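Just so it is clear, the model here is predicted, and its values are computed rather than measured. Throughout, residue positions are numbered sequentially from 1 according to the sequence presented.
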Amino acid sequence: MVKRVRLSVAYDGTNYCGFQIQQNGPTIEEELNRHLSELLEENIKVIGASRTDSGVHALCNIVVFDTSSRIPAEKISYAMNQRLPEDIRIRKSEEVELSFHPRKRKSMKTYEYRILNKEFPIPTRRLYTHFAYEHFKIHLMKEAAAYLVGEHDFKSFCSSGSEIDSTIRTIYMLDVNENDGEISIQVSGNGFLYNMVRIIAGTLMEVGKGNMTPDEMGKILERKDRSAAGPTAPAKGLTLLSYEFFD
């Protein structure tokens with residue numbers, strides 16, 4: 001009997017070319033498919049909820065796959081963690097209904113972008129934060145962030161060349177905080193366009209440095225033009241924090 005298994009997957013994206021299988025290097029999807037196929041002695045192809053980019057990290061990306069194996073779904077996480085490289089771990093495995101598809105369910109994703117804002121870099125944080133020595137005005141970044149909350153057309157915050165049906169998305173929360181020289185940009189939404197969070201982070205940094213005013217954020221939305229927004233922030237500062245399903 002076929003069953004569908006859902007995995008919550010955490011990974012350090014430093015050494016991978018993103019989640020989705022590519023020709024130019026190793027990916028998270030490739031590692032999961034290979035080790036699951038060996039463990040279950042079947043040809044397994046996972047379906048991922050979020051196709052994170054090269055160098056992006058995750059605490060809880062969701063994947064599903066179908067299997068005829070008699071291994072209990074909740075035991076697969078233990079077996080996989082004995083096989084996977086140490087920069088990928090399964091945090092939970094469970095059986096779900098066969099109709100469950102992570103990209104077709106209403107959900108809320110939360111990402112965090114971290115900026116190490118000190119005079120000099122700290123080697124132990126180099127893989128998980130973007131280093132910037134400039135002075136950032138956090139209150140201006142917060143003010144700018146408020147313009148993006150709600151349902152908007154985020155075409156200005158989508159990398160050029162993306163093939164999608166709609167650029168309308170809803171942001172439920174976008175907050176900027178600073179603690180001991182580390183700036184955290186957290187954003188929750190019902191979905192994100194290609195590079196959207198990194199472009200938001202890059203644009204907020206421009207506001208924080210005084211290169212843009214907060215009210216320009218509203219004008220950038222209205223332009224619906226990628227060139228109106230700020231630069232795409234480096235991938236290593238971004239982590240997928242949580243993934244919640246509404247139904």
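Considering all non-hydrogen atoms of both residues, M212 and I220 come closest at SD-CD1, 4.1 Å. Scanning both residues, E31 and P85, for their nearest heavy atoms gives OE1-CD, 3.6 Å. Closest approach of L221 to D153, counting heavy atoms only: CD2-O, 3.7 Å.
Remark: side-chain polar atoms of K236 are paired, donor with acceptor, to backbone N or O of R126 under 3.5 angstrom. Between the side chain of S93 and the main chain of S77, a donor-acceptor pair closer than 3.5 Å is present. Not a single donor-acceptor pair under 3.5 Å links the side chain of S156 to the backbone N or O of R226. With hydrogens and angles disregarded, a donor-acceptor distance shorter than 3.5 Å links the side chain of S166 to the backbone of I168.
When only modelled atom types and interatomic distance are considered, N179 and N177 share no side-chain donor-acceptor pair under 3.5 Å. There is no side-chain donor-acceptor pair under 3.5 Å between T203 and R198. S184 and E112 are linked by a side-chain donor-acceptor pair at a separation below 3.5 angstrom, with hydrogens and angles left out of the test. A donor atom on one side chain and an acceptor atom on the other are not found under 3.5 Å apart for E143 and H139. With hydrogens and angles left out, the side-chain atoms of D53 and Y194 include no donor and acceptor closer than 3.5 Å. In summary, the side chains of Y11 and N61 do present a donor paired with an acceptor at a separation below 3.5 Å, with no hydrogens or angles considered. With 3.5 Å as the limit, one finds a donor-acceptor pair spanning the side chains of S50 and Y111.
Both I138 and Y147 are members of a single hydrophobic cluster when ILVMFWY side chains are connected at heavy-atom separations under 4.5 Å. Taking hydrophobic clusters as Ile, Leu, Val, Met, Phe, Trp and Tyr residues chained together by side-chain heavy-atom distances below 4.5 Å, L240 does not share a cluster with V63. Cluster membership for V2 and I44, using ILVMFWY side-chain heavy atoms within less than 4.5 angstrom, is not shared. Grouping the Ile, Leu, Val, Met, Phe, Trp and Tyr side chains by contacts below 4.5 angstrom, directly or via other members, places I115 with L140.
We find that E95 and R6 are not joined by a salt bridge, their nearest charged nitrogen and carboxylate oxygen being 4.0 Å or further apart. A salt bridge links R114 to E182: one of the charged nitrogens lies within less than 4.0 Å of a carboxylate oxygen. Ion pairing between a basic and an acidic side chain is recognised when a charged N comes within 4.0 Å of a carboxylate O; R105 and E97 show such pairing. Salt-bridge annotation for D66 and K3: absent, with no side-chain N of the basic residue lying under 4.0 Å from a carboxylate O of the acidic one.
Rounding to the nearest 0.5 angstrom, the gap separating the CD atom in Q82 from the NE2 atom in H35 is 12.5 Å. We find the CG-CD1 distance between N81 and I90 to be 6.0 Å, quoted to the nearest 0.5 Å. One finds the NZ atom of K155 at 15.0 Å from the CD atom of E222 (value rounded to the nearest 0.5 Å). Separating the CZ atom in F157 from the CZ atom in R169 is a distance of 14.0 Å, to the nearest 0.5 Å. Expressed to the nearest 0.5 Å, how far CD1 of I28 lies from CZ of R51 amounts to 15.0 Å. With rounding to the nearest 0.5 angstrom, the CG atom of L36 is 7.5 Å from the CG atom of L84.
Relative orientation of the Y172 and F246 rings is perpendicular, given thresholds of 30° and 60° on the angle between their planes. Under the 30°/60° scheme for interplanar angles, the aromatic rings of Y133 and F131 are found to be tilted.
Contact annotation: the side chain of N33 never approaches that of F65 to less than 4.5 Å [non-hydrogen atoms, C-beta and beyond]. Contact annotation: the side chain of I47 approaches that of H101 to within less than 4.5 Å [non-hydrogen atoms, C-beta and beyond].
Checked against the 6.0 Å centroid criterion, the rings of Y128 and H57 qualify as a close aromatic pair.
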Would I171 and F154 count as a side-chain contact (heavy atoms from CB on, under 4.5 Å) if you check the C-alpha gap in whole Å, the side-chain angles of each, and the deciding distance to 0.1 Å? CA-CA 10 Å; I171 286 183; F154 284 95; 3.7 Å; yes

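The ring pair (Phe, Tyr, Trp, His ring centres under 6.0 Å) test applied to Y243 returns F245, not counting sequence neighbours.
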